[in-house]
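Predicted model, so just to flag it, every value in this text is computed and none were measured.
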Amino acid sequence: MLQFTCPCPTSAELQTACGLPLGLVAQPLASVDGSARVAPASCWAADLARCARCQAYINPLCEVDDRGWGCALCGCANDFSSAASMRRYYAAGSQRRSALPELTQAALDAACPLVAADPDEGTDEVEAVEAAPAVLALVDACWEGEEGEGGLEAVRSALAAALEALPACGRFGLVSFGSKVTLHLVTADSNSDTAATSGAAEAPPPPVQLAVGTEAEGADLSSAAPLGSVLAPVGTCKAALLAAIDGLQAEGPGAGGGGGGRQRALGDTLRAVLRWIATGAAAAAADDGGGADAAHRQHQRQQQQRQQKEKEQKVAQQAPQQQHATAAGDAGAEAAASRQANAAAEEEDEEALRAKERQRLGTGGLQRAQGFPGLRLLLFLSGPPNSGQGAVVALRPPPPDPAAVDREAAAAAEEAQKDFGGMMLDPAYPELSAWGDAAAASVQRRAAAAAAAAVAAESAATAAGDLSHAAPPGVAGGELTVNPAAREFYAEAGAAAAALGIIVDVFAACPRWIGLDLLAPLATASGGGVLLYSSLDTAPLPQDVYKCVTQPRAFACLLRLRASPELDIGGHYGRLTADRRAEPGLYRAVACTPGDAFAFELDRNERQDSGAPPAVQLVLQYSMLLPAAAAAAGQEQAGGGGRYVLRRRMRILTAALPLADTPQQLYAGCDAEATACLVVHKVMEGAASAGTSGARQMLLDWLVLLAARVADPEAALYERPRLRKGEVPPPPAKVDASLSQYEALQQLPHFVYSLLCGPLLQPAQPAALPAAAAALGQQQQRRQAHPEAAAAMRLLLAVLPPDEAAVVVCPQLSSWSSPDSVALWRHSLSAAALAVEQQPIWVLDTFTHLICLYAAGTASGVVGGAPPPPFPPPAASLLRRTLAGIRQVRRSTPELLLLRQGLDDSSLFFDSLLEDGGADGGGGSGQVPTQLQGQPQHSFVSFLEAVEQQAQAVLLAEQ
C-alpha cells in the first residue's frame, strides 16, 4: 500500500548523484488481504496517542514501554500523561498493550465521528446517519443505425447489471437525453416479492419529456416529476425499473429538427438534473421508497384525516340545532372527547409506525441523511455533445478582419476621449492620449486573444479529424471546430456535482473523436472515472458498470502525509489538491477507491539522521457508505439486503525506508514499478506544460543520465584528481544501456521505450490526412487508431497503482509450458523471444486485451513428442484462473482473446510486440525521438545503442 521508489540515501548529494527519483506511491484504501471488502474499524481515532512534536499517531514502529513511547518519525519522547493514554496504554499492562491494533497493524482502520460535538453551538456528536446507496443513469439516446441499436442493447445490459449490483435498500433511476430530456417514471410493484423474482410488472407510466434548451433554461424537472418517482427503491420497484430499462429507446433522427445529425444537449441536461437533485433529494430520501408499505401508510393517514374531518363537520351541523346551552355543552364536550380520542389513536398509530420503521431499518434509530450522499451518476455517451451549453463543437468563426479591429479600436479611443469632454485641459496633455490609447489597446488585446483561441481550436479540430459525426441538425461537418470553452463548463459542472455529494462516472463509446479532454473534468472534479470504448460489440461494458457500482468509494477525503525531519515532501500527483491554508503535507481528494493511487516526491535534505531509518506516515480520513450492524446479535437484517449508514473512518499507514550508503545499494533496492509510476506522472506534467516534444526529451535525458550513473556511480560523487602535464585521462567506463548489472533496473529501459512509442507522448497527427496515416507503421496505426487514445491513457494513469500503470505503458508478455505451468512471467516484447523460448502458450497483457496465443504447431503436437496442450485452456487450469483473476480485479475489464497461430487472426498479438521496430519488417514500428538517430524508426536494440552513445558522451564530458 506504500511503495517507495528506492531506499533513502544517507545524503542529499547521494540522491542527486544516483539519478533515481526518490518518491512514494500510496494506495491508501487497498485491502491488506487483496479483497474488495472494507476492513472494520479497530478502535476510535480519538483514543490513539499522538506525538507532541510532529502530531504523528502511535504505530508499530514506535518503541513503547510503561513510561511512554518514542515517535518513529521525529524521535520525540512522549509520555502517557493524558487521561486517555493512561487508560489505554499505561493501565493496560505490557502484555495487553502489545496486542493493541495500533501497535500491531501497519494499516490501522479507526472510527471517527461523522459530526464532531460543538459545545459552543450546542450540537451533539453524530457517529453515523442512515443513507441509501443511489445510482442515477444518464443515457445518451442518440444511437444511430444497426450498430447503434447494438450499442443501446449493451447499455441496457449495463443498466441491468447496475441494478443487480445495488442492495434492496438502494435507489436506482433512469434519465435519457438527446434534443430533450426524458424522465423514466416507475411505480411500486403490486407484489414486490413476486415481481422481483419473476421479472413481471405492470405497465410503467409513460416517460415524461421536457425541452432543456436555453429557451427553457429556468425550467425545473421537479415541476414535471418529483425525484422520488424516478429514483426509486430497488426492493419494491425492481420489476418496474427493469421494465423502464427495457423500454429505453433511441431518439429518432428528426427529433432535433432540421434534419442532419443528432442533437446531444448534455450540458443543459446536466444543469437541469443537478438542480433537480439539489431541490428534490431531501424529500425523495425522506420518503422511504414509494413502495407498497409507504402507499399503505399514506392511505391510512388520509383515511384518518377524512374521518376526523367528517366528525367535525357533523358536530358543526348539529350545534345550531340545539336550543339550550346544556345540550350545546354536551355536544361540545362530546366533540372535544371525540377529537381527543382521535388524536390519541392517531398518536398511537404514528408511534406504531415509527416502531415498525425502526425495526425494519435495523439501524438503532439513526437519523436519516439529507439526500443521497455519494450518489453515483452514470453517464453513457455515444458521441460528442453538440448542442446548448457544454457543446464540444462550435461553428467555425470567420477569419479576423484587421480593418474591422482597427475601426473598433479607433471608436473605443474616441469614446474614451469623451470622458474628458467637460474638463478644461490642454489637448496636448499626455494623459488624454494615454487614456484613448489604453482603450484601443484593450480592443486589440481581445482581438488577439480571440484569434489565438481560434487557432488553438482549429489545431484541435485538425487533430480530431472529420467532425461530421458531431454535426448537429442542419450543420455540415466542415463548418465545425472544437470548442475549448466546454472544458471550463464541465469543470464547473463537476465541482457543482461534488458539492452535492454526487460522483460522476463517464462511459464513452464512440469510434471517433468525442471530446474526451473537454469532458474529463466532469468526472475528475467529482471524483469519478472515465472509460472509453471504440465499440460496444465486444466491450465488457456490463462488467465494468457492475464493478463501478459495487466498488467501495470514499468521498470527502482528507489526506495528511508526515515524514521524518531528514525528508522533505515535494510535489504530489494524482487527484489531490494541496490545502494551501495549512502546512505542507495536507491534501484533499473528492473521492477515492481501493484501486486509486497517489504519488509524492521526497527529497533528502542536509539534516543529519538519527541513525534510525526514516519513516513516513499517511493518514486518510474519509466518509463511506457501509452496511449497518444488525439490530441484535445473530439476527439477520430486515429489508432484504440490510440497511446502509454513512460513517467517517480513518486509515493510518506507516512505513520505514531502508537506508542506502552507496549508489550500488540504491540501484539494487530500486522498485521499478513505483519508479516508473512516478516518472509517468512527471512526464505527463511536463507534457502539459512544455508539450509532448519537451516531455519526450526530458524522459530521454533521464534514461541517458541514469545509464551513465549506473556505469560509473562515483563519477558525480567524487572529484577526479587533476591530470599532470602530458598524462592521458583513463577511458570512461563502458555503458550498458540495458542496465543488466542490476536486476531491479532492467525493466526501466523497456518502460521508457514503450512510453516513447505509445500514444501518450506522440505529437498530434492530423487524423484526416491519409498521407500522414500511410507514413506510420501498422503497429503505430493500431496503437493510435482511436483519436482519443492519449486522453484515455492520461486519465487512467492519473489514478492507477504502479503494477497496473506499468502494464498500460509497457504490455507484459509471459510464456507457459502448459495450462498449469508458467515458464517465465516476463519477456521482452519482440518476436525473437518467441523464437528463442519455443514455448507452446504465450499470454500478452495490454491492459485492454488479454491475448492467449497457442504457438504454431501446438495444436497438432510433435510426432513422438508430448501431447499438445488442450485448446481452449481448461476452466480449472492455472492459466484460466490467472486470466479470470486479472479480469476480475481490473477497473476496466480486459477483453479475452484465445487464438491459435496460423488458424486465427493473431495480428493484434504480433502488432503489440513493439520492440521489434520496423527495420526487420516484422511487427510494427516504434518511433523514438530524432535526438537519438536521424532515422525515423528504431528497434529496441538500436534505441539502446543510441542511449549508450549519448551516455558515453556524458561520461567523457565529465572527465
Side-chain angles (χ1 to χ4, degrees), residues 29 36-38 114 128-138 158-175 186 192 196 227-228 230-238 240-242 244-245 273 277 280-291 360-363 366-379 497-498 500-505 526-529 542 544-557 590-594 622-630 637-649 891:
L29 292 181
R37 67 180 183 87
V38 179
L114 188 63
V129 296
E130 179 201 350
V135 172
L136 181 63
L138 192 58
L159 295 177
L163 186 60
E164 291 296 332
L166 286 171
C169 65
R171 300 292 191 97
F172 184 85
L174 176 60
V175 177
V186 294
S192 57
L227 181 62
V230 175
L231 197 61
V234 175
T236 57
C237 303
K238 187 173 184 179
L241 289 169
L242 289 172
I245 293 173
V273 168
I277 296 174
D287 178 11
D288 183 49
R360 190 176 66 82
L361 293 178
T363 57
L366 291 178
Q367 298 179 5
R368 190 186 296 272
Q370 295 294 320
F372 301 100
L375 184 144
R376 312 291 292 276
L377 184 62
L378 306 183
L379 173 60
L500 294 173
I502 301 172
I503 301 172
V504 183
D505 292 288
S526 62
D544 292 346
V545 171
Y546 186 88
K547 291 177 186 178
C548 177
V549 176
T550 56
Q551 186 179 45
R553 187 164 300 197
F555 49 93
C557 304
V590 178
C592 179
T593 70
Y622 60 92
S623 299
M624 183 179 285
L625 282 172
L626 299 169
Q637 295 178 351
R643 308 297 290 181
Y644 277 67
V645 293
L646 179 64
R647 297 187 182 276
R648 191 79 175 161
R649 290 287 182 84
R891 69 184 66 205

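- Taking both residues in full, the closest heavy atoms of L241 and F172 are given as CD2-O, 3.5 Å, listed atom of the first, atom of the second, then distance.
- Here the straight-line distance linking atom SG of C557 with atom CE of M624 works out to 8.0 Å at 0.5 Å rounding.
- When all heavy atoms are compared, the tightest approach of V549 to A162 is CG2-CB, 4.0 Å.
- Residues G527 and V590 come closest through the heavy atom pair N-CG1, 3.8 Å.
- The shortest heavy-atom contact between R643 and C169 is NH1-CB, 3.4 Å.
- Here the CG-CG distance, from L114 to L646, works out to 5.0 Å after rounding to the nearest 0.5 Å.
- In this structure, the side chain of R171 does not engage the main chain of L136 through any donor-acceptor pair within 3.5 Å.
- In this structure, V175 and V230 have side chains that are in contact, with non-hydrogen atoms separated by less than 4.5 Å.
- Atom CG of L242 is separated from atom CD of E164 by 7.0 Å, given to the nearest 0.5 angstrom.
- For the atom pair CG of L29 and CD of Q551, the computed distance is 9.5 Å after rounding to the nearest 0.5 Å.
- In this structure the side chain of L138 reaches within 4.5 angstrom of the side chain of L377, judged on heavy atoms.
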- prompt: Going through the checks in order, is the side-chain contact (heavy atoms from CB on, under 4.5 Å) test met by V135 and L378?
  reply: CA-CA 7 Å; V135 172; L378 306 183; 3.7 Å; yes
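- Minimum heavy-atom separation, A591 to I503: CB-CD1, 4.2 Å.
- The shortest distance between side-chain heavy atoms of V645 and V129 does not fall below 4.5 Å.
- Put simply, the side chain of R553 reaches to within 4.5 Å of the side chain of C548, judged on heavy atoms.
- To the nearest 0.5 Å, atoms OH (Y644) and CG (L625) are separated by 8.5 Å.
- Looking at S623 and R648, their side chains do bring a donor and an acceptor atom within 3.5 Å of each other.
- Between V186 and A240, the closest heavy-atom pair is CG1-O, 3.8 Å.
- In this structure, CG in L163 is found 11.0 Å from OH in Y546, a value given to the nearest 0.5 Å.
- Residue L375 forms a side chain to side chain contact (heavy atoms under 4.5 Å, CB included) with just one option from V504, L500, L231, and that option is L231.
- Considering only heavy atoms from C-beta on, D505 stays 4.5 Å or farther from L379 through its side chain.
- The shortest side-chain heavy-atom distance between R891 and D544 does not fall under the 4.5 Å cut-off.
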